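Source: prediction; values computed, not measured. Read the numbers this way: they start at 1 and go in the same order the structure lists the ligands and their atoms.
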Amino acid sequence: MTGSLSRRDVIWNFSRVMGLAGAYAAMEALGFVGDAGAYSGPPAAPSSLGAGRRVVILGAGIAGLVSAWELKKAGYSVTVLEARNRPGGRVWTVRRDSILEHDHLPAQRCQFSPGHYFNAGAARIPAVHTGILSYCREFGVALEPHVNESGSSKFVSSSVRNGQPLPHRQVVNDIRGGVSELLAKAVGRGALDGEMTAEDKDRLLSFLNIYGALGNGGTYEGSNRSGYDLEPTILNAPSKVRAPIPLSELIGDPTIAFNLMFGQTMFQQATMMQPVGGMDTIPYAFAARMRRDIRYGVQVSHLTRSEEGVRVLFDQKDGTGGAIEADYCICTLPFSVLRHINTTLSAPVKAGIASFDYDAAGKVAWQSKRFWETDDHIYGGLSYVDTDSNLAWYPSQDFHAPEGVLVGTYNFVGQAETFAGMSLQDQFAASRASVEKIHPGKSVQLQRPVAVNWGRVPYTMGAWAHEAFGGPPVDHDTPEVRAVQAGDGPIVFAGQHLSPIGAWMEAAVRTAHNAVGQIHERTRAN
Ligand code: PHE
């Protein structure tokens, strides 16, 4: 008996075979991934609504910062408790002398030359993420284009041309040409006569001629879309379009469709953006406006309900501790961290917190001469490679500077767990070997590496909540998750884990707005 696969089964199957990008593309194709939706801004409130009310906010990542900022505008007095000595959480820019700490690796001190940086966490903003972009506008955070796709970046697969690095433009356009040729042949043979009128067939053939760059006979013989073996120069000098790679060979790599379509998914499409100077410009813009409201180096140990509202106990780096009383609390800690903190939360809320799993992800970044620009004409974008390093990501800023920071590894889930199981030296060696596959002979130029394994970073312990994509999707429509969403009396929750938008700053913004709205409701009800 053939059972029909549920959407969930389909996504899980894709994710097993294709990894994260596959699962994400499948979710998107199935309409699972929400558009961020029309942006209506933070919940409206008179500036006096919160007068006399205190809110303690746990975590100074985007969710905590947005919550604090909007509550202040509505007249509340806020205190943000942050365990690290910086704002931003997973929005973190690593520069010279930044310290990278893990619970399983020796600390690293970044050795980049002054002026170089690496966005270890959030690194790109899509144009449709109106919430986070509206804060960039409000604070005057300068943005520049982030190149997410490049015709010159490479695709490397041992099953295609023996692992020879192929330009993205060739792979995309040869596949499009090959598929178009087959479809044109099927139409020409009458194989689709049952589906189409004669008129529609003619229209489709004309469409395919242009769409697939087909020759006169309806066959694909290559096109300059895929590049040249001999580049054109002056009139009457020889030039030669690159011969196409057969479709059967290109589709021999099971990940090719997903990697090629990655940049077409809703949140990866042009125009992507990045703040000039590093992603942490965004959290620092908030923090600069709330200097007296944020306390750093404060690690929460207990979150309890009290007669007045909430009581939070904390430890400080100097060994002292303290307590804060407030009317309300917005807890933005990742549930991977919150579940290890003592709380008096209700059993259903605790069960909800325990029901969220987190995915691993990791990056390795290098300072290097810009061989990708000088030798391969790659200006931004990503190359995909069939190693555990998964891809290489080129800087979108400072083109033609002598050096830049290359992300030689950005991996997810199983590949990231494999990396996290390796020593730093082995992670660096694997990253270098992966770059070598994409740029033969060039990886000797890679210097001063740093690695981040987000699954093992204290105060984060996971790149993002697992249910966002990849793996067997968790059912969010459960009493436990709904209990978390409703909050526990004066305690409410925010953070990317509570949004279907997934691993994006926008998710943190939207859930912060929701939490602020919940506080307003409680204030109005009292
Ligand atoms: N937002 C992150 C990124 O752009 C994580 C992510 C990866 C989200 C893949 C969706 C798909 O890399």
Side-chain angles (χ1 to χ4, degrees), residues 11 14-15 18-30 32-36 61-63 88-93 118-129 131-133 145-149 153 255 257-275 279-280 282 334 358-365 380-384 389-396 407-416 419 452-455 457 460 462-471 473 495-497 499-511:
I11 292 163
F14 273 128
S15 78
M18 313 296 181
L20 175 66
Y24 197 74
M27 288 179 73
E28 223 182 24
L30 295 167
F32 239 99
V33 178
D35 183 329
I62 297 296
R90 281 162 277 179
V91 180
W92 181 31
T93 304
F118 156 50
N119 287 322
R124 47 188 164 195
I125 311 175
V128 293
H129 282 179
I132 193 71
L133 287 170
H146 176 93
V147 181
N148 214 22
E149 231 178 34
S153 67
T255 68
F258 294 98
N259 284 328
L260 291 179
M261 296 314 291
F262 181 77
Q264 296 297 309
T265 51
M266 174 74 177
F267 296 159
Q268 302 285 356
Q269 292 168 1
T271 305
M272 302 293 287
M273 284 163 270
Q274 60 182 28
M279 195 61 85
D280 64 353
I282 298 175
Y358 277 70
D359 287 339
K363 292 179 181 172
V364 177
L382 294 90
S383 288
Y384 294 96
S389 282
N390 194 42
L391 54 77
W393 198 347
Y394 308 95
S396 291
V407 175
T409 300
Y410 178 21
N411 52 18
F412 311 112
V413 202
Q415 291 180 323
F419 253 61
V452 61
N453 302 157
W454 278 108
V457 172
T460 300
W464 43 68
H466 175 58
E467 83 289 353
F469 38 65
Q496 70 74 217
H497 45 288
S499 167
I501 296 168
W504 295 96
M505 292 186 285
E506 187 69 11
V509 171
R510 299 301 181 99
T511 60

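Checked by atom type and distance alone, the side chain of Gln269 never pairs as donor or acceptor with a backbone atom of Pro126 at under 3.5 Å. A donor-acceptor distance shorter than 3.5 angstrom exists from the side chain of Asn390 to the backbone of Tyr410, with no hydrogens or angles considered. In terms of modelled atom types and a separation under 3.5 Å, the side chain of Thr265 and the main chain of Phe262 share a donor-acceptor contact. Proximity of a side-chain donor or acceptor of Trp454 to a complementary backbone N or O of Lys363 within less than 3.5 Å is not detected. Using modelled atom types, one side-chain atom of Ser396 and one backbone atom of Val147 make a donor-acceptor pair closer than 3.5 Å.
Of all the atoms in ligand 1, the ones that sit under 4.0 Å from a non-hydrogen atom of Phe262 are 9 (C), 11 (C). Those atoms of ligand 1 with a heavy atom of Arg124 less than 4.0 angstrom away are 3 (C), 4 (O), 12 (O). Below 4.0 Å from some heavy atom of Tyr410 lie the following atoms of ligand 1, by number and element: 2 (C), 3 (C), 5 (C), 12 (O). Residue Ala503 approaches ligand 1 through these ligand atoms, each under 4.0 Å from one of its heavy atoms: 1 (N), 2 (C), 5 (C).
Looking at Trp464 next to ligand 1, no N or O pair under 3.5 Å apart turns up.
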